[in-house]
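Please read these numbers as outputs of a predicted model, since none were measured by experiment.
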Amino acid sequence: MERQMSTPRHILVVEDDDRGRNAVRNTLKTRGYMVSSVPDAASMRALIDAETGVDAVVLDASHLGESGASLALYAKAHRLPVVMMSGTTSAMVFAEQHGLQLLRRPFRPKQLDAALSKVMGSGLYGRGAA
């Protein structure tokens, strides 16, 4: 019997720290996702605007050349599920107020996978219960 392979979900990782970006990218790749990663807001916007088939965005809530909050809303406006990574109180409040999935740092790989599964499986773009 021939096994059918489905196309992996394409996740965009937005993180300014090289080590953090590589760690998240590698974690997602080992879980079967197709992953693109960028270090800043301008690169994220360009990739989303190019309509490259991104299925969800995992983004750092700070240090991207633009606020993580505005980037989360940009992705959400493009009907993309969003997982924000942060440990700050302000990011937690923002995520709660805007119905965004927040992944509190530090986190384990299985928590990242669970957050993505939840937000992509919710059926609501850019939304997911924290």
Inset, instruction - Could you point out which residue of I11, V13, L47 forms a side chain to side chain contact (heavy atoms under 4.5 Å, CB included) with S36? - result: L47

Inset, instruction - Supply the atom-to-atom distance E15 CD to M44 CE, rounded to the nearest 0.5 angstrom. - result: 13.5 Å

Inset, instruction - Could you check if a side-chain atom of F94 sits within less than 4.5 angstrom of a side-chain atom of T88, using non-hydrogen atoms only? - result: no

Inset, instruction - For the pair K118 (side chain) and Q101 (backbone), establish whether a donor and an acceptor sit closer than 3.5 Å, ignoring hydrogens and angles. - result: no

Inset, instruction - State plainly whether the residues D60 and R105 are in salt-bridge range, i.e. N to O under 4.0 Å. - result: yes

Legend entry - Nearest-0.5 Å distance that lies between atom CZ in R104 and atom CE in M85: 15.0 Å

Inset, instruction - Answer yes if the side chains of D113 and Y33 hold a donor-acceptor pair under 3.5 Å, and no otherwise. - result: yes

Inset, instruction - Determine whether L112 and L103 make a side-chain contact, defined as any pair of heavy atoms from C-beta on separated by less than 4.5 Å. - result: yes

Inset, instruction - Grab the two heavy atoms, one from S43 and one from V38, that are nearest each other, plus how far apart they are. - result: CB-CB, 3.5 Å

Legend entry - Distance, nearest 0.5 Å, that separates CG of D18 from CZ of R25: 9.0 Å

Legend entry - Flag, side chain of Q111 to backbone of R108, donor-acceptor distance under 3.5 Å: yes

Legend entry - Taking every non-hydrogen atom, the tightest pair across P81 and D55: CD-O, 3.0 Å

Inset, instruction - Please confirm whether the backbone N or O of A23 pairs with a side-chain atom of T27, one donor and one acceptor, at under 3.5 Å? - result: yes

Inset, instruction - Taking all heavy atoms of V82 and all of A75, pick out the closest pair and write down the distance. - result: CG2-CB, 3.6 Å

Inset, instruction - Taking all non-hydrogen atoms of both residues into account, name the closest pair between G32 and P8 and its distance. - result: O-CB, 3.1 Å

Legend entry - Distance in Å, I48 CD1 paired with L80 CG, rounded so as to fall on 0.5 Å steps: 5.0 Å

Legend entry - Euclidean distance, T30 OG1 relative to L28 CG, rounded to 0.5 Å: 7.5 Å

Legend entry - Between CZ on residue R45 and OG on residue S70, distance to nearest 0.5 Å: 5.5 Å

Legend entry - Shortest non-hydrogen separation from A69 to M84 and the atoms involved: N-CE, 4.4 Å

Inset, instruction - Compute whether any side-chain donor of one residue and acceptor of the other, for N22 and R19, lie under 3.5 angstrom apart. - result: no

Legend entry - Over all atoms of both residues, closest heavy-atom pair of R21 and P39: NH1-CB, 3.4 Å

Inset, instruction - Taking the side chain as every heavy atom from C-beta outward, state whether V14 and V57 have any pair of such atoms under 4.5 Å apart. - result: yes

